[in-house]
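Scroll down for the structure; my scribbles are underneath it.
FYI, the numbering just counts along the sequence from 1.
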Amino acid sequence: MPDEPTAAVRYKEIMSGARRSADDVREWERRRVEELESQIAEAQARVERLAEQEATVQERTHRWWRMACDNVERLSWIEPGELPPPISSARGAHLDQHVEEVRNAYRELKDAVAALGWRARR
């Protein structure tokens with residue numbers, strides 16, 4: 001049985017395999033950490049972009065509301081109400097559609113106020 005490895009040789013092979021496995025696991029963990037950190041950074045950047053976009057849209061809609069109130073105040077027989085609360089069920093994927101709806105509603109209001117004003121009665 002001279003072809004069989006000795007116990008010491010077999011032990012060294014096992015330990016070498018265990019070290020390689022440990023090194024492989026550490027390398028995999030390192031790559032996974034880099035991948036997760038990259039995904040986290042991308043997600044944070046996206047959240048920041050969306051927060052800026054949200055602030056911009058809120059500012060625009062408040063501006064349209066103030067302009068709508070200014071238009072309605074020209075009519076003596078009606079008073080503007082309170083600023084409507086944000087709709088929490090609105091989807092960000094439809095943001096452009098929602099903004100366009102607000103824009104169109106403001107235009108319709110402006111045209112209606114112009115048609116109802118005393119200058120339009122001449």
Side-chain angles (χ1 to χ4, degrees):
M1 300 223 185
D3 293 340
E4 280 188 36
T6 64
V9 171
R10 183 72 183 126
Y11 174 78
K12 288 180 182 180
E13 289 173 353
I14 292 170
M15 291 306 295
S16 174
R19 272 193 292 279
R20 276 194 308 274
S21 294
D23 290 343
D24 290 347
V25 167
R26 278 191 291 277
E27 179 61 24
W28 176 83
E29 287 174 340
R30 185 192 60 75
R31 284 193 314 266
R32 184 68 178 140
V33 165
E34 289 175 357
E35 179 183 330
L36 291 174
E37 286 174 346
S38 173
Q39 290 175 354
I40 289 169
E42 290 171 6
Q44 287 174 335
R46 184 168 187 263
V47 166
E48 289 171 5
R49 283 192 312 271
L50 292 174
E52 290 173 7
Q53 185 179 23
E54 179 184 18
T56 300
V57 169
Q58 284 179 344
E59 193 275 323
R60 285 171 61 190
T61 55
H62 282 92
R63 189 171 351 125
W64 280 328
W65 181 257
R66 286 190 308 270
M67 291 186 309
C69 287
D70 289 344
N71 280 310
V72 169
E73 287 173 350
R74 293 180 194 164
L75 302 174
S76 61
W77 50 272
I78 190 170
E79 290 184 22
E82 294 294 317
L83 177 67
I87 299 173
S88 60
S89 63
R91 299 286 175 231
H94 303 121
L95 177 64
D96 294 336
Q97 178 183 354
H98 297 312
V99 169
E100 191 61 32
E101 288 174 5
V102 171
R103 181 182 294 129
N104 288 338
Y106 171 72
R107 286 182 189 145
E108 290 174 11
L109 174 74
K110 186 176 73 170
D111 293 344
V113 168
L116 293 171
W118 64 271
R119 291 183 182 148
R121 295 187 183 152
R122 290 183 188 190

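A salt bridge does not link Arg31 with Glu35: every distance from a Lys NZ or Arg NE/NH1/NH2 to an Asp or Glu carboxylate oxygen is 4.0 Å or more. A salt bridge links Asp23 with Arg26: at least one charged nitrogen is closer than 4.0 Å to a carboxylate oxygen. Of the charged side-chain nitrogens involved, at least one lies within less than 4.0 Å of a carboxylate oxygen, so that Arg103 and Glu100 count as a salt-bridged pair.
One distance of note links CG of Asn104 with CG of Leu109; it measures 12.5 Å at 0.5 Å rounding. We find the CH2-CG distance between Trp64 and Asn71 to be 14.0 Å, quoted to the nearest 0.5 Å. Taken from OH in Tyr106 to CZ in Arg63, the straight-line distance is 10.5 Å, to the nearest 0.5 Å. From His98, atom NE2 reaches atom CZ of Arg91 across 9.0 Å, with rounding to the nearest 0.5 Å. Taking CD of Glu29 as the reference point, atom CD of Glu34 lies at 12.5 Å (rounded to 0.5 Å).
Of the options Arg19, Lys12, Glu13, a side chain to side chain contact (heavy atoms under 4.5 Å, CB included) to Met15 is made by Arg19 and by none of the others.
In this model, no donor atom of one side chain and acceptor atom of the other lie less than 3.5 Å apart for Thr6 and Arg10.
Val113 is not connected to Met67 by any chain of hydrophobic side-chain contacts under 4.5 Å among Ile, Leu, Val, Met, Phe, Trp and Tyr, and they are in different clusters.
Contact record, Gln53 with Leu95: NE2-CD2, 3.0 Å, taken as the closest heavy-atom pair. Residues Val72 and Glu79 come closest through the heavy atom pair CG1-C, 4.2 Å.
Residues Arg30 and Glu27 have side chains in contact (heavy-atom distance under 4.5 Å, counting atoms from C-beta outward).
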